[in-house]
Protein chains: 2
Amino acid sequence: MSDRDSESLLFLTDEQLRRAIEAMFFAYRGFTADPDRILAERGYGRAHHRAIHFINRSPGTTVNNLLAILGVTKQSLNRVLRSLVEDGLVESRVGPRDRRERHLYLTETGAALEAELSDAQRTRMRAAFREAGPTAVSGFREVLEHMMDPDLRRHFAAVREDR
Amino acid sequence: MSDRDSESLLFLTDEQLRRAIEAMFFAYRGFTADPDRILAERGYGRAHHRAIHFINRSPGTTVNNLLAILGVTKQSLNRVLRSLVEDGLVESRVGPRDRRERHLYLTETGAALEAELSDAQRTRMRAAFREAGPTAVSGFREVLEHMMDPDLRRHFAAVREDR
DNA sequence: TTGGAATGTCAACAAGGCTGACTTAATTTG
DNA sequence: CAAATTAAGTCAGCCTTGTTGACATTCCAA
């Protein structure tokens with residue numbers, strides 16, 4: 001980034017920043033709207049979605065890993081996981097090396113719901129990206145990364161390096 | 001947007017979209033982290049923040065307006081407003097023309113909390129914008145606007161035209 | 001003057017956060 | 001080997017913030 005660009009950013013008024021803050025608020029609502037509808041049909045909430053999402057992203061992840069990523073207490077996560085296991089969407093296997101650990105996997109049913117949820121979310125995301133154009137998309141991702149807490153960003157970056 | 005740009009977007013894999021979805025999730029956490037801390041000190045939550053934010057944005061707004069923007073029930077909003085009024089952060093004035101309406105204003109104390117909250121949020125936003133650069137910033141805003149539900153976008157656009 | 005709209009309030013409920021205390025099982029460490 | 005630590009789960013209780021439904025009040029407008 002050049003000095004000239006830096007300078008121009010100084011002209012971002014508080015009012016413009018306030019608008020960006022509101023955009024974030026309204027956009028997040030849009031972002032969660034479709035999954036929320038699907039989840040509500042099945043008596044689940046966003047907490048279930050988050051668990052399903054990250055188990056799908058990292059099959060075999062442990063409960064502790066999930067806690068760190070989600071930033072909730074184990075009591076809170078446990079409540080959600082229990083219902084997902086009872087309903088046959090998630091499988092909890094005793095750790096092969098360390099038998100205290102539970103490794104989490106989506107069942108076929110769980111993977112089906114995950115697909116439905118992320119299809120809906122991807123469809124909206126893809127539409128927004130198409131309308132905004134590729135330059136906007138890379139700017140979007142750039143800004144989002146810089147908005148994360150460093151700790152959260154680590155979890156985010158971790159996957160990138162996995163591949 | 002050219003045909004060539006459209007084409008290149010077709011190469012956005014599901015994996016890339018999944019990463020964008022996660023970025024949105026983690027970034028929103030960062031986005032709310034600072035206000036959440038300030039609010040927690042005072043025994044408030046995000047619901048209070050949202051009310052304070054939109055009353056500050058549109059002083060004198062009615063309860064009904066606020067309901068439409070926030071998308072919650074009046075009972076839910078009322079609980080939050082009541083505590084803000086009791087604590088002397090918000091003033092609820094009987095409507096001058098239609099006395100059924102209540103027009104909402106921040107008191108001095110309320111405005112002070114609003115300033116503290118939005119300063120924290122703007123500081124983070126400004127830092128992210130500075131690191132990402134101006135091109136990224138306009139892309140960011142472009143994509144966010146397209147992610148909103150059309151109804152929500154109306155509320156968002158409304159203010160722009162006010163000025 | 002009456003119907004409808006805006007507001008407020010009461011009660012009850014649920015999801016999903018939280019804390020604290022405690023158990024069980026297994027691993028690690030001294 | 002014994003003790004400490006760790007991973008997970010569980011119970012109880014609390015809070016915020018969302019929901020529905022029922023109902024009262026106030027007041028505008030046809």
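Below, read A as the first sequence line, B as the second, and so on, with proteins coming before strands; counting in each chain starts at 1. Given the structure is predicted, the values throughout are model-derived calculations rather than measurements.
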Test item: side-chain donor near acceptor, [X] and [Y], under 3.5 Å:
X     : Y      : value
B:E22 : A:H53  : yes
A:R18 : B:S118 : no
A:S83 : A:H48  : yes

Against the six-membered ring of [Y], is [X] placed for a cation-pi contact (under 6.0 Å from the centre, within 45° of the normal)?
X     : Y      : value
A:R50 : B:F25  : no
B:R19 : A:F156 : yes
A:R93 : A:Y105 : yes

inquiry  = Taking atom CZ as the centre, does B:R99 end up with more than 12 heavy-atom neighbours from other residues, nucleotides or ligands that are less than 6.0 angstrom away?
reply    =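 Not more than 12 within 6.0 Å, no.
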What is the distance, rounded to the nearest whole Å, between atom [atom1] of [X] and atom [atom2] of [N]?
X      : N      : atom1 : atom2 : value
B:L67  : D:dG18 : CG    : C1'   : 13 Å
B:R42  : D:dT16 : CZ    : P     : 16 Å
B:E101 : D:dA29 : CD    : P     : 10 Å
A:L104 : D:dA8  : CG    : C1'   : 11 Å
B:L81  : D:dT16 : CG    : C1'   : 15 Å
A:R82  : D:dG9  : CZ    : P     : 9 Å

Looking at A:R102, does any N or O in its side chain come under 4.0 Å of the phosphate oxygens OP1/OP2 on D:dA7?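 Result: no.
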### Query
Just to confirm, is there a sub-4.0 Å distance from OP1 or OP2 of C:dT9 to any side-chain nitrogen or oxygen of B:N78?
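True: B:N78 side-chain N/O within range (under 4.0 Å) of C:dT9 OP1/OP2.
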Indicate yes or no: does A:E116 engage A:R42 in a salt bridge with an N to O separation below 4.0 Å.
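A:R42 and A:E116: salt-bridged.
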Each nucleotide of nucleotides 13-20 of chain C classed B (base within 4.0 Å of a protein heavy atom), S (only sugar-phosphate) or -, in 5' to 3' order, makes ---BBBBB
Scoring nucleotides 24-30 of chain C by protein non-hydrogen atoms under 4.0 Å (B base, S sugar-phosphate only, - none) yields -BBS---
(request) Grab the two heavy atoms, one from A:V72 and one from A:L67, that are nearest each other, plus how far apart they are. (result)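 That closest heavy-atom pairing would be O-CD2, 3.6 Å.
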